[in-house]
Amino acid sequence: MALRHALMIDPAPEGEVRGDFSDTFTALDPAAPALTVGELSTQRGDGVFESIGVIDGHPQEVAAHLDRLAHSARLCELPAPNLAQWRAAVGLAAAACGAGESVIKLILSRGVEHGPAPTAWVTAAEASDFRRARSAGIRVVTLDRGYPLDVPARAPWLLLGAKTLSYAVNMAALREARRRGADDAIFLTTDGFVLEAPTASLILRRGDTFVTPAPTAGILHGTTQLSLFEHLEARGFAALYETVPAASLATADAAWLVSSVRLAAPITAIDDVPLAQDAAFTASLNDYLLTPRD
Ligand code: PLP
């Protein structure tokens, strides 16, 4: 997708108040090179990022994304981001987005080795067209994530729960899903519990109760799932975080993969077992997700 806007940020210390921070931003030519060859941390994936959905120029759930950026930075022992500065950068990026759906990316990497500060930048681009996934749905396969449920507490250096730049495993899982004739994947622990998709959270429906795997399982706490849980509770449904055994995938009444840019994609089959569809209900979720949300 063509970038519409790119901005380099000179990161201000957390808590520093400084007008609109415009003196800390450098507009970049989105088509030109911007990082130095010595920018090793980004090459190593040693940094964190966020992808924010934008609807008609309105960036969605900015506070939740900035909270998660700060959480990821904390887990990775990066300097705490100045959230007012990032908010100002998101505002400039959103102003560069036209009508329709766009995506703003926030990137914070450890920076040049022995350098003075992290490298930070923001981009805005037109979003892919996900209308088909939202209405026709997606087929998913389950894939082994290669570790048991208790690994986040035992091995915090795996940085599970941080949205790091290291997405090579997630991209490999998507390629494997496609090789198996599916559109997407759901990761399972080696001891048989459900985690998340490579780029989305999973929500299951059981009657009038909606369930998602608890973020303590070392998965990302999805901003879309959080927002949908608020919406579902406001509609009178129960919305719960649980430890979800893999066996409960087959007994769900419905399921969705949800994320900031694709929004709610109904799952039509898991490992070739078909799932029931409620097109009107899914449309109501996506209508909600497409309205401006703060
Ligand atoms: N889990 C993973 C691994 C992701 O990469 C993403 C989004 O990219 C999500 C969950 C969903 O997060 P959000 O709803 O904030 O986009």
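In listed order, ligands and their atoms are each counted from 1. Note that the structure is predicted; figures quoted are calculated from it, not measured. In what follows, residues are counted from 1 in the order of the sequence shown.
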>> Under a 3.5 Å cutoff, is there a donor and acceptor pairing between the side chains of Ser227 and Gln225?
In response: no
> Between the candidates Ser259, Ala64, Ala200, which shows the shortest non-hydrogen contact distance to atom 9 (C) of ligand 1?
Replying inline: Ala200
> With respect to Thr223, which candidate in His65, Arg293, Glu61 satisfies the side chain to side chain donor-acceptor pair (under 3.5 Å) definition?
Replying inline: His65
> For Gln225 and ligand 1, does the shortest N/O to N/O distance drop below 3.5 Å?
Replying inline: no
> When the aromatic ring centroids of His231 and Phe210 are compared, is their separation below 6.0 Å?
Replying inline: no
> Has the side chain of Thr268 got a donor or acceptor atom that lies under 3.5 Å from a matching backbone atom of Ile138?
Replying inline: yes
> Within the structure, does Glu196 bring an N/O atom to less than 3.5 angstrom of an N/O atom in ligand 1?
Replying inline: yes
>> Using heavy-atom distances only, which candidate in Leu195, Leu263, Thr199 approaches atom 4 (C) of ligand 1 most closely?
In response: Thr199
> Does the pair Arg206/Glu242 count as a salt bridge with the N-to-O cut at 4.0 Å?
Replying inline: yes
>> Any heavy atom of His221 closer to ligand 1 than 4.0 angstrom?
In response: no
> Hey, which atoms in ligand 1 end up nearer than 4.0 Å to a heavy atom of Ser260?
Replying inline: 13 (P), 14 (O), 15 (O), 16 (O)
>> Is Ala197 close enough to touch ligand 1? Criterion: a residue heavy atom under 4.0 Å from a ligand atom.
In response: yes
>> Could you check whether any heavy atom of Ser51 sits closer than 4.0 Å to an atom of ligand 1, since that is the contact criterion I want to use?
In response: no
> Is ligand 1 under 4.0 Å from a heavy atom in the side chain of Leu220, in the backbone, in both, or in neither?
Replying inline: side chain
> Touching ligand 1 at all, Arg68? Heavy atoms, strictly under 4.0 Å?
Replying inline: yes
